[in-house]
Amino acid sequence: MQYISTRGAAPVLAFDDALLAGLARDGGLYVPQSWPRFAPGDWRAMRGLPYAELVARVIRPFVGGAIDEATLAQLAHAAYAGFDHRAVAPLKQLDANLWLMELFHGPTLAFKDFALQLLGRLFDHVLAARGTHATIVGATSGDTGSAAIEACRDRDCLDIFMLHPHGRVSEVQRRQMTTVVSANVHNIAIDGSFDDCQDLVKGLFNDHAFRDRVGLSAVNSINWARIVAQIAYYAHAALALGAPERPVGFAVPTGNFGNVYSAYAARAIGLPVDLLIVGSNSNDILTRFFQSGEMRIGTVTPTLSPSMDIQVSSNAERLLFDLYDRDGAALAAAMRGFRADGRLDVGEARLKRARTLFAAARLDDAETKAVIAEECRATGEIVDPHSAIGLAAARRVERPRDLPVVALATAHPAKFPDAVEAAIGRRPALPARLQDLMAREERCMHLPNDLAIVREFILARATARDGKRTAA
Ligand SMILES: *Cc1c(COP(=O)(O)O)cnc(C)c1O
């Protein structure tokens with residue numbers, strides 16, 4: 001199995017190299033050169049498998065020969081062993097043809113754990129096999145940071161440095177990062193905004209000498225391995241509801257388009273997915289795209305669903321690649337225009353193709369709160385603001401009456417207690433594993449918004465690519 005860039009001008013890589021590379025060198029994203037296909041009999045054979053075994057089966061053809069089968073099975077088993085629910089991704093029926101899939105039983109209470117718990121282990125395995133070491137650096141405005149830290153903690157071949165804007169993440173989110181006590185985990189609070197943090201990370205990646213010395217790498221949502229890991233819960237839900245004989249639809253609260261693109265990938269490998277419903281908050285570039293065929297960048301508005309406060313959805317490029325008939329040069333030109341003018345129009349024919357599968361709806365904060373309140377009243381379920389948006393989108397769009405639709409609950413309501421309290425008048429409790437979060441000791445470095453200082457801080461603590469200390 002080989003991976004090609006959506007912009008057609010980067011080296012073709014095997015799974016392990018695409019894993020470590022993240023972004024392709026031409027600025028594109030890696031996608032499989034061709035999709036593996038599962039026949040109906042293959043899907044039927046996966047029904048009822050324990051979750052980790054299902055993951056290993058789904059991922060196997062994507063990994064090719066890069067990791068042997070027994071190791072892959074072991075890594076998948078370890079990745080999901082720490083989830084708090086025996087079903088890992090339990091389904092709850094809400095009404096005749098609507099289900100909720102809870103993706104928040106992992107260590108940091110959001111769906112990102114599904115991909116990152118596996119990704120951290122895949123990284124560590126591949127690096128150990130090569131006798132090398134990597135330094136993960138990232139910026140976070142909340143959810144991604146804690147999931148990445150939990151995924152990388154205590155791994156021999158990884159150090160992780162996570163930047164967050166000082167005083168601008170919620171206390172629960174900060175504590176989920178800063179209370180992880182592990183020698184290879186480094187939290188840095190920057191005097192600045194989330195954008196300043198992102199600029200610092202970009203600055204580090206652009207410093208090629210530094211990049212090579214510490215083996216700089218990223219685990220952000222454009223990493224192909226994250227997409228693949230997420231295919232498994234779509235298969236898990238579809239099989240439970242009657243696939244491969246019976247088609248299903250999914251409703252996904254969407255920011256960077258990584259999660260819903262995994263559902264698209266599930267369909268590409270043969271799962272009968274008939275409808276994908278994208279839910280947006282006020283930052284609705286994707287909803288406007290699926291309505292008009294035009295992607296136009298606006299300014300980011302802070303909302304009650306901060307993990308979707310995004311204006312450029314990086315992973316949408318993977319869908320565009322197919323809409324441009326996998327013509328990397330044509331897409332590269334379109335993306336240059338998008339960067340320059342802030343707009344990209346795919347035209348009537350491509351829009352029509354996209355709309356055979358995708359539908360979209362947008363909710364503002366007032367509507368989001370109303371949905372949380374109404375859902376609690378009608379079904380007793382307390383959903384977080386992100387999940388509420390997906391759920392409401394599922395109810396709003398036109399869909400075949402007999403198509404079962406699964407709405408994804410992407411975060412535990414206790415991660416967003418203020419928004420939930422504003423909607424229903426009470427605060428959801430943290431699950432047992434995080435009950436003492438507010439009492440735990442924090443460890444975090446506070447640094448100015450200064451690239452040289454951040455770089456020196458990392459150099460003094462990171463391990464070089466060859467496994468030796470970088471500092472004297
Ligand atoms: C990251 C995140 C999203 C958005 O997922 P994408 O893959 O970026 O579309 C939605 N909900 C929650 C809770 C998240 O953490």
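Numbering of ligands and ligand atoms starts at 1, following listing order.
In this pair, Y234 and F250 present their aromatic rings perpendicular. The plane angle is above 60°, beyond the 30 to 60° band.
R226 and Q230 form no side-chain donor-acceptor contact under 3.5 Å, judged by distance and modelled atom types alone.
Looking at residues two or more places apart in sequence or on another chain, you find no salt bridge (charged side-chain N to carboxylate O under 4.0 Å, His left out) involving D341. In this structure D154 satisfies the side chain to side chain donor-acceptor pair (under 3.5 Å) test together with S182, sequence neighbours excluded.
A salt bridge does not link K369 to D365: none of the charged nitrogens lies less than 4.0 Å from a carboxylate oxygen.
At a heavy-atom cutoff of 4.0 Å, ligand 1 is surrounded by F111, K112, D143, P253, T254, G255, N256, F257, G258, N259, S307, M308, H386, T410, A411.
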Between side-chain atoms of residues 99-108 and protein atoms elsewhere (two or more places apart, or another chain), which donor-acceptor pairs fall under 3.5 Å?
unit_1, atom_1, unit_2, atom_2, d
E102, OE1, H105, NE2, 2.7
E102, OE2, K92, NZ, 2.7
T108, OG1, D113, OD1, 2.8
T108, OG1, D113, OD2, 3.1

